[in-house]
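Residue numbers run from 1 in the order of the sequence given. Basis for what follows: all heavy atoms, side chains included, without hydrogens, waters or symmetry-related copies.
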Amino acid sequence: MSQQERTGGRCSIPGHEMDVRGLTAFGFPEGAFVSVSRDRTGRVWVPNSSPDNGFTEMHCMSGHSNFVSCVCIIAPSETYPRGLIATGGNDNNICVFSLDQPQPLFTLKGHKNTVCALSSGKFGTLLSGSWDTTAKVWLNEKCMMTLQGHSAAVWAVVILPEQGLMLSGSADKTIKLWKAGRCEKTFTGHEDCVRGLAVISNTEFFSCSNDTSIRRWLVTGECVQVYYSHTNYIYSLAVFPNCQDFVSTGEDRTLRIWKKGECFQTICLPAQSVWCCCILPNGDIAVGASDGIIRIFTEAEDRMASAEDLQAFEDELSKATIDPKTGDLGDIKFEDLPGREHLNEPGNRDGQTRLIKDGQKVEAYHWSVNDGRWVKIGDVVGGSNQQTSKSVMYEGKEYDYVFTIDVNEGGPSMKLPYNVSDDPWLTAHNFLQKNDLNPMFLDQVANFIINNTKGHVVGPAQPAGGDPFTGEARDIYHSLIFYLRILDCIFNGGARYIPGSSDDRPGFGADPFTGAYSSAAIRQTATNIYFPKTDGVTFEQANTTQIIAKLKELNGGAPQEHKLSEEILENLEKLLASVCGPVSSELSPNIQQINLLWKASHWPEDIVFPVLDIMRLAVRHPQVNESLCGEAEGVQLCNHLLSLMRPEGRPANQMLALRTLCNCFSGRHGRTLLMAQREVVLSRAADLATVCNKNIHIALATLVLNYAGCLHSQPDLEAKAQCLSVASRALETVQDKEAVFRLLVALGTTVASDQTAKDLARSLGVNSQISKYSSVSDPSKVGDCCQLVLKELQ
């Protein structure tokens with residue numbers, strides 16, 4: 001092959017705010033294509049006449065309530081002579097657009113989970129694939145049939161040119177051939193999720209997989225060739241008009257061009273995930289990536305970018321950072337790496353990777369056959385030999401650790417310096433005394449120090465600085481977040497009652513949910529203490545005095561028809577006292593009090609929140625749990641709480657309704673009720689991820705976690721799929737680290753000891769979605785738990 005036949009950059013289009021997840025060529029106008037993104041939009045791009053051979057946005061489409069994951073073109077018809085654009089999204093819907101308006105012409109509803117694949121056929125037929133494990137055939141705005149047979153998410157679908165033949169590829173590692181709604185054949189051979197399908201002809205097709213391979217199949221069932229070159233998940237395929245050559249993209253940051261059965265050229269991109277690709281009518285290649293940029297590549301010299309633009313792209317690529325854990329670089333031993341002189345030796349093949357050390361840095365290079373040189377593709381960071389500083393300066397002295405302490409959200413932070421030779425108990429005592437903090441926290445602070453220094457106390461020491469999960473040196477700055485406003489109220493009486501003002505957050509880290517400590521927990525810090533978590537997580541904190549005070553205050557200002565009598569108020573106060581005391585207490589809630597609580601919970605929504613707080617605490621009591629969550633009343637309770645969780649509802653009510661549902665898991669009747677109502681409860685709860693309120697997010701994450709715990713030992717794939725889906729969707733918007741942590745534990749609990757659930761999670765892209773949390777050190781439990789989930793999904 002001559003150099004002219006090599007592909008180079010044409011232009012970059014920074015047209016989306018988030019990952020570009022789907023691309024397809026569009027026949028009108030000539031040379032156009034469509035992109036869809038996690039930013040919830042679809043966009044039509046047309047070539048312009050500028051010197052840079054770029055593209056201009058012609059049309060922007062919006063209609064999905066969550067991210068858009070796939071797109072296809074419905075062929076022109078008499079009604080729509082320019083064709084239609086169909087998009088599938090994480091809101092479970094398919095939106096169909098024309099070029100005449102930004103809103104959808106119509107929306108196809110029927111899938112129970114994300115629509116992640118679309119393909120169109122003759123006569124307006126549309127085939128969709130979904131995380132709900134089904135594919136659906138649509139015609140004339142109606143679902144004509146549902147293709148059932150896969151046991152995991154359907155990631156890829158195509159309609160073959162021969163009428164009536166359809167293909168679906170799934171996270172269950174299989175491909176199925178369908179005719180008239182019936183599975184005619186199942187293709188096996190891939191060792192991991194099937195992510196993409198591409199038609200070659202009436203009788204042949206390609207498939208790509210998370211197993212890093214591409215396969216060429218005959219529709220009769222034979223695999224006639226397997227292609228290897230990618231080093232990580234392969235997400236998409238597109239076939240050139242000659243029906244032989246093709247392109248592929250994946251998680252290894254590359255676009256690979258295949259000619260005559262071999263990987264002819266590898267183009268590395270400055271983005272971790274290269275999600276999608278398509279071939280334009282003129283043979284150019286469009287790719288979309290996780291950085292929100294669409295890049296166009298071409299063989300045509302007259303469309304090639306200028307030398308300056310090509311150099312700018314190479315410079316951008318060279319500044320990328322590569323994590324060896326996700327960059328497939330293996331175990332890097334810094335001392336064994338060659339120096340820059342190693343770049344004088346030519347590579348053996350296009351795209352070959354070579355690592356060299358330059359001073360204290362590790363640099364990665366790809367061999368470019370076209371240029372006959374090594375091209376830098378980034379700096380390797382976080383390698384196993386990179387160490388953190390061994391001391392921290394604080395107030396003119398060096399310490400092994402300096403912890404940052406936030407006692408009140410928004411208030412000034414405090415520093416807790418510590419050396420491994422110090423006594424943790426004395427250090428904790430001095431810290432509390434210096435900062436005028438309550439001495440009741442002595443055990444918690446001391447145990448926090450012990451836990452977060454990994455046992456580096458006076459006496460026999462473990463290897464210094466090692467992270468028990470990764471073997472890497474731990475960042476010496478740690479954060480300890482004290483959300484103690486309710487405790488401050490209890491001991492100092494200074495704050496007003498605000499629903500949700502206690503985050504019920506664990507302090508100090510041994511039990512990451514309750515803050516409870518035991519010598520066993522401290523000894524097990526080198527193992528997985530986070531999941532599976534099968535016991536329910538509840539919201540316990542309460543200031544009963546202030547709850548009752550707020551209830552009486554609101555009752556005093558309530559309209560006459562809603563005023564509660566003194567008898568009702570007295571009974572609610574007694575009920576609250578009984579459920580917040582020991583279960584064995586002689587003071588036990590009676591049926592009259594429980595009935596009055598249920599009646600009061602239907603107070604007007606603008607004043608009901610203290611009653612909901614009482615209910616949140618009451619359902620933990622066995623007697624109340626049985627009465628409110630039993631067969632007769634349970635559905636009514638569930639429906640009432642769900643009505644308070646409407647997206648347009650009041651945040652305080654949404655948060656307390658979620659917390660009440662979480663606390664229902666503390667009793668047998670509550671668990672039975674919520675498992676029976678799982679689909680509707682999780683669906684409504686998932687909608688609250690878009691509400692900008694961290695306490696709602698923490699409660700939502702806890703609810704998902706409690707469901708995951710109940711499902712841990714059950715083979716209910718549909719239920720686990722919903723947990724994974726809700727957790728994955730929540731992680732798209734949740735920012736609060738405690739909520740993120742609980743969602744990570746929910747993911748870990750769902751996939752632990754369940755290979756099918758692991759496969760499903762991998763097929764949903766959980767790995768790449770959560771990998772950004774693996775380096776979080778504030779709080780450290782987020783990074784630790786994330787690394788363990790990623791390890792579980794390997």
Side-chain angles (χ1 to χ4, degrees), residues 486-487 490 497 499-506 511 513-516 533-548 551 571-598 600-601 608-631 633-634 636-638 640-641 644-645 652-677 681 685 695 698-710 742:
I486 288 296
L487 289 175
I490 294 171
Y497 167 67
S501 60
S502 166
D503 285 340
D504 287 284
R505 296 190 183 213
D511 183 322
F513 295 97
T514 66
K533 185 164 184 62
T534 55
D535 53 324
V537 178
T538 54
F539 293 87
E540 303 285 334
Q541 297 288 359
N543 186 324
T544 57
T545 303
Q546 292 188 6
I547 293 174
I548 293 300
L551 177 65
N571 274 284
L572 292 178
E573 189 169 357
K574 288 180 179 178
L575 172 65
L576 183 58
S578 66
V579 299
C580 288
V583 174
S584 59
S585 171
E586 294 181 2
L587 188 64
S588 184
N590 59 50
I591 192 65
Q592 180 189 8
Q593 294 168 349
I594 297 171
N595 288 336
L596 289 174
L597 173 63
W598 171 247
S601 72
V608 75
F609 62 84
V611 180
L612 295 178
D613 223 357
I614 296 173
M615 180 175 284
R616 184 259 303 185
L617 296 163
V619 294
R620 302 170 304 154
H621 193 284
Q623 191 171 331
V624 180
N625 194 280
E626 179 178 357
S627 181
L628 288 182
C629 301
E631 290 183 7
E633 297 81 12
Q636 294 181 49
L637 172 68
C638 215
H640 181 49
L641 293 174
L644 295 169
M645 289 162 53
N653 296 345
Q654 292 168 337
M655 180 265 293
L656 289 168
L658 281 168
R659 288 185 172 186
T660 302
L661 289 171
C662 292
N663 285 4
C664 285
F665 278 91
S666 61
R668 176 173 60 86
H669 293 86
R671 288 192 297 274
T672 301
L673 167 69
L674 291 177
M675 291 302 287
Q677 300 293 316
V681 169
N695 290 325
I698 292 170
L700 166 61
T702 306
L703 182 66
V704 178
L705 173 56
N706 284 348
Y707 270 113
C710 285
R742 296 188 183 200

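Applying the side-chain contact (heavy atoms from CB on, under 4.5 Å) rule to N595 yields the partners I591; only residues at least two apart in sequence or on another chain are considered. Considering only residues two or more places apart in sequence or on other chains, Q592 meets the side-chain contact (heavy atoms from CB on, under 4.5 Å) condition with E567, N571, N590, L596. Residues passing the side-chain contact (heavy atoms from CB on, under 4.5 Å) test with A618 are V579, L597, V624, sequence neighbours excluded. By the side chain to side chain donor-acceptor pair (under 3.5 Å) test, E626 is found to be paired with no residue, residues two or more places apart in sequence or in another chain being considered. Scanning for side chain to side chain donor-acceptor pair (under 3.5 Å) contacts around T702 gives R742, with sequence neighbours left out. Here T544 pairs with L576, C580 under the side-chain contact (heavy atoms from CB on, under 4.5 Å) rule; sequence neighbours left out.
Put simply, CG on L641 and CD on Q677 are 11.5 Å apart, with the number rounded to the nearest 0.5 Å. Here the CD-CD1 distance, from E573 to I547, works out to 11.0 Å after rounding to the nearest 0.5 Å. How far CG of L705 is from SG of C662: 8.5 Å, rounded to the nearest 0.5 Å. Separating the CG atom in N695 from the CG atom in L658 is a distance of 11.0 Å, to the nearest 0.5 Å. In this structure, E633 CD and H640 NE2 are separated by 14.0 Å, a value rounded to the nearest 0.5 Å. Atom CD1 of residue I614 and atom OG1 of residue T660 lie 11.0 Å apart, to the nearest 0.5 angstrom.
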Atom pairs and distances, side-chain donor-acceptor, residues 668-675, under 3.5 Å, sequence neighbours left out:
residue	atom	partner	partner atom	Å
R671	NH1	F665	O	3.0
T672	OG1	R668	O	3.0

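N706 places a side-chain N or O within 3.5 Å of a backbone atom of V537 that can act as its donor or acceptor partner. A donor-acceptor pair is defined here as one N or O able to donate and one able to accept, closer than 3.5 Å; such a pair exists between the side chain of Q623 and the backbone of P589. A distance-only check finds a donor-acceptor pair linking the side chain of N663 to the backbone of R616 [under 3.5 Å].
Put simply, the residue from S588, S666, S627 that forms a side chain to side chain contact (heavy atoms under 4.5 Å, CB included) with H621 is S588.
Contact between L644 and A657 at its shortest, heavy atoms only, is CB-CB, 4.3 Å. Looking at every heavy atom in both residues, F539 comes nearest to A699 through CZ-CA, 3.8 Å.
Looking at W598 and Q636, their side chains come closer than 4.5 Å, going by heavy atoms from C-beta outward.
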